[in-house]
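First comes the structure, then the notes that go with it.
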Amino acid sequence: MREPPETVAGLVAEAINAAFGEAPAEDTSVPYIDPLALARELRDVRADLDARMERVTASIQASAAELRKEAVVPADVPTMAFGELFDQLIDVLETIGGVPAEDVRGHAEGPVSVVCAPGPRLLSLSVAARAMGGGSGQLGELVVAAVNAALDDLEAGQLRRREESGAGSEQVMARIDELRELSVLRMRAYAQGVAALMAGIQPRA
């Protein structure tokens with residue numbers, strides 16, 4: 001406490017950043033999934049699925065053409081158009097992964113002022129001379145309060161950034177719900193198309 005405020009602030013900031021660096025992950029049992037990497041993998045899956053669907057449709061069309069030699073077969077052969085579902089899911093993942101959050105900062109002003117960045121890590125910590133007048137115990141309380149306030153401000157800023165980018169939790173869940181409903185409709189339409197094709201097959205007079 002006999003050191004200048006600048007020296008104290010530097011030592012405290014160094015200790016806090018060291019503690020941040022040693023803190024364990026919130027949940028090490030859950031693997032981290034990179035949304036952008038997953039989106040790239042889904043593009044490959046979509047391309048493979050499209051090729052498979054084309055082969056299935058071609059096979060059905062060939063069977064229908066052969067069957068028309070002996071029976072009346074509806075002209076419309078159902079197709080499995082699921083590519084749009086993948087496109088929308090890929091768009092959601094790219095929206096989540098594309099949120100620029102590294103430039104967000106958390107601030108706390110007062111006898112102890114703090115600026116922190118994602119990580120988290122402290123970018124700056126300053127101690128006013130008056131903050132040292134109450135002894136080390138009071139200074140410690142002021143530091144803890146300021147750091148926690150800056151971390152809260154950082155979290156709020158990250159949430160705002162995600163909302164502005166369309167990647168807020170409610171926004172993402174709404175899009176996933178919409179995608180789920182669309183996938184059900186697509187599967188139902190395809191099943192109905194196959195049923196109509198089968199029902200429309202009639203023997204020639």
Problem set entry | Main-chain N/O of Gly168 paired with Gln171 side-chain donor or acceptor, under 3.5 Å | yes
Problem set entry | Within one Ile-Leu-Val-Met-Phe-Trp-Tyr cluster: Phe86 and Leu182, side-chain cutoff 4.5 Å | yes
Exercise. Between Met132 and Val127, which heavy-atom pair has the shortest distance, and what is it?
Worked result: CG-CG1, 3.9 Å
Exercise. Do other residues, nucleotides or ligands put more than 12 heavy atoms under 6.0 Å from Glu155 CD?
Worked result: no
Problem set entry | Spacing of Leu159 atom CG and Glu164 atom CD [to the nearest 0.5 Å] | 11.0 Å
For this session: Go through the steps for Thr95 and Asp91 under the test side chain to side chain contact (heavy atoms under 4.5 Å, CB included), then give the verdict.
Result: CA-CA 6 Å; Thr95 298; Asp91 183 61; 4.2 Å; yes
Exercise. When rounded to the nearest 0.5 angstrom, what is the spacing between CD in Gln192 and CE in Met187?
Worked result: 11.5 Å
Exercise. Hey, are the side chains of Leu85 and Leu179 touching, using non-hydrogen atoms and a 4.5 Å cut-off?
Worked result: yes
Problem set entry | salt bridge (charged side-chain N to carboxylate O under 4.0 Å, His left out) between Arg161 and Asp103, worked out | CA-CA 10 Å; Arg161 178 64 61 82; Asp103 60 339; 2.9 Å; yes
For this session: Could you give me the CA-CA distance, side-chain angles and deciding distance for Glu170 and Arg162, then say whether salt bridge (charged side-chain N to carboxylate O under 4.0 Å, His left out) is met?
Result: CA-CA 11 Å; Glu170 292 184 2; Arg162 286 197 288 271; over 6 Å; no
For this session: State plainly whether one hydrophobic cluster holds both Tyr190 and Val184, where clusters connect Ile, Leu, Val, Met, Phe, Trp and Tyr through side-chain heavy atoms under 4.5 angstrom apart.
Result: no
List, one per line, each side-chain donor-acceptor pair under 3.5 Å for residues 9-21, sequence neighbours excluded.
residue, atom, partner, partner atom, Å
Asn17, OD1, Leu122, N, 2.6
Asn17, ND2, Leu122, O, 3.2

Exercise. Taking C-beta and beyond as the side chain, do Ile96 and Val172 meet within less than 4.5 Å on heavy atoms?
Worked result: yes
For this session: Could you grab the distance from atom CG of Leu93 to atom CG of Leu38, nearest 0.5 Å is fine?
Result: 5.0 Å
Exercise. Should Leu185 and Ile176 be counted in the same cluster of Ile, Leu, Val, Met, Phe, Trp and Tyr side chains packed under 4.5 Å apart?
Worked result: no
For this session: Could you tell me the separation between the CD atom of Glu178 and the OG atom of Ser183, rounded to the nearest 0.5 Å?
Result: 11.0 Å
Exercise. So if you build clusters from Ile, Leu, Val, Met, Phe, Trp, Tyr with side-chain heavy-atom gaps below 4.5 Å, do Val99 and Leu36 land together?
Worked result: no
For this session: Please round to the nearest 0.5 Å and tell me the distance separating atom CD of Glu70 and atom CD1 of Ile201.
Result: 12.0 Å
For this session: Look at Glu181 together with Arg186 and state whether they make a salt bridge at an N to O cut-off of under 4.0 Å.
Result: no
Exercise. Shortest non-hydrogen contact from Asp76 to Leu197?
Worked result: O-CD1, 3.9 Å
Exercise. Looking only at heavy atoms, what is the nearest atom pair of Gln158 and Val104, with distance?
Worked result: N-CG1, 3.8 Å
Problem set entry | Heavy-atom closest pair, residues Pro5 and Ala129 | CG-CA, 4.0 Å
Exercise. Do you know which two heavy atoms are closest between Ala117 and Leu154, and how far apart they sit?
Worked result: O-CD2, 3.5 Å
Problem set entry | Donor-acceptor under 3.5 Å (Arg46 side chain, Glu41 main chain) | no
For this session: Would you confirm whether Glu6, through its side chain, and Glu3, through its main-chain N or O, come within 3.5 Å as a donor-acceptor pair?
Result: no
Problem set entry | For Ser113, side chain to side chain donor-acceptor pair (under 3.5 Å) partners two or more places apart | Glu109
Residues 52-62 side chain polar contacts: donor-acceptor under 3.5 Å, at least two apart:
residue, atom, partner, partner atom, Å
Arg52, NE, Asp48, OD2, 2.8
Thr57, OG1, Met53, O, 3.0

Exercise. If you group Ile, Leu, Val, Met, Phe, Trp and Tyr by side-chain heavy-atom gaps below 4.5 Å, do Leu125 and Leu123 land in one group?
Worked result: no
Exercise. What pair of heavy atoms forms the shortest contact from Arg105 to Glu102, and how long is it?
Worked result: NH1-O, 2.7 Å
Exercise. Could you state the interatomic distance from CG (Asp153) to SG (Cys116), rounded to the nearest 0.5 Å?
Worked result: 7.5 Å
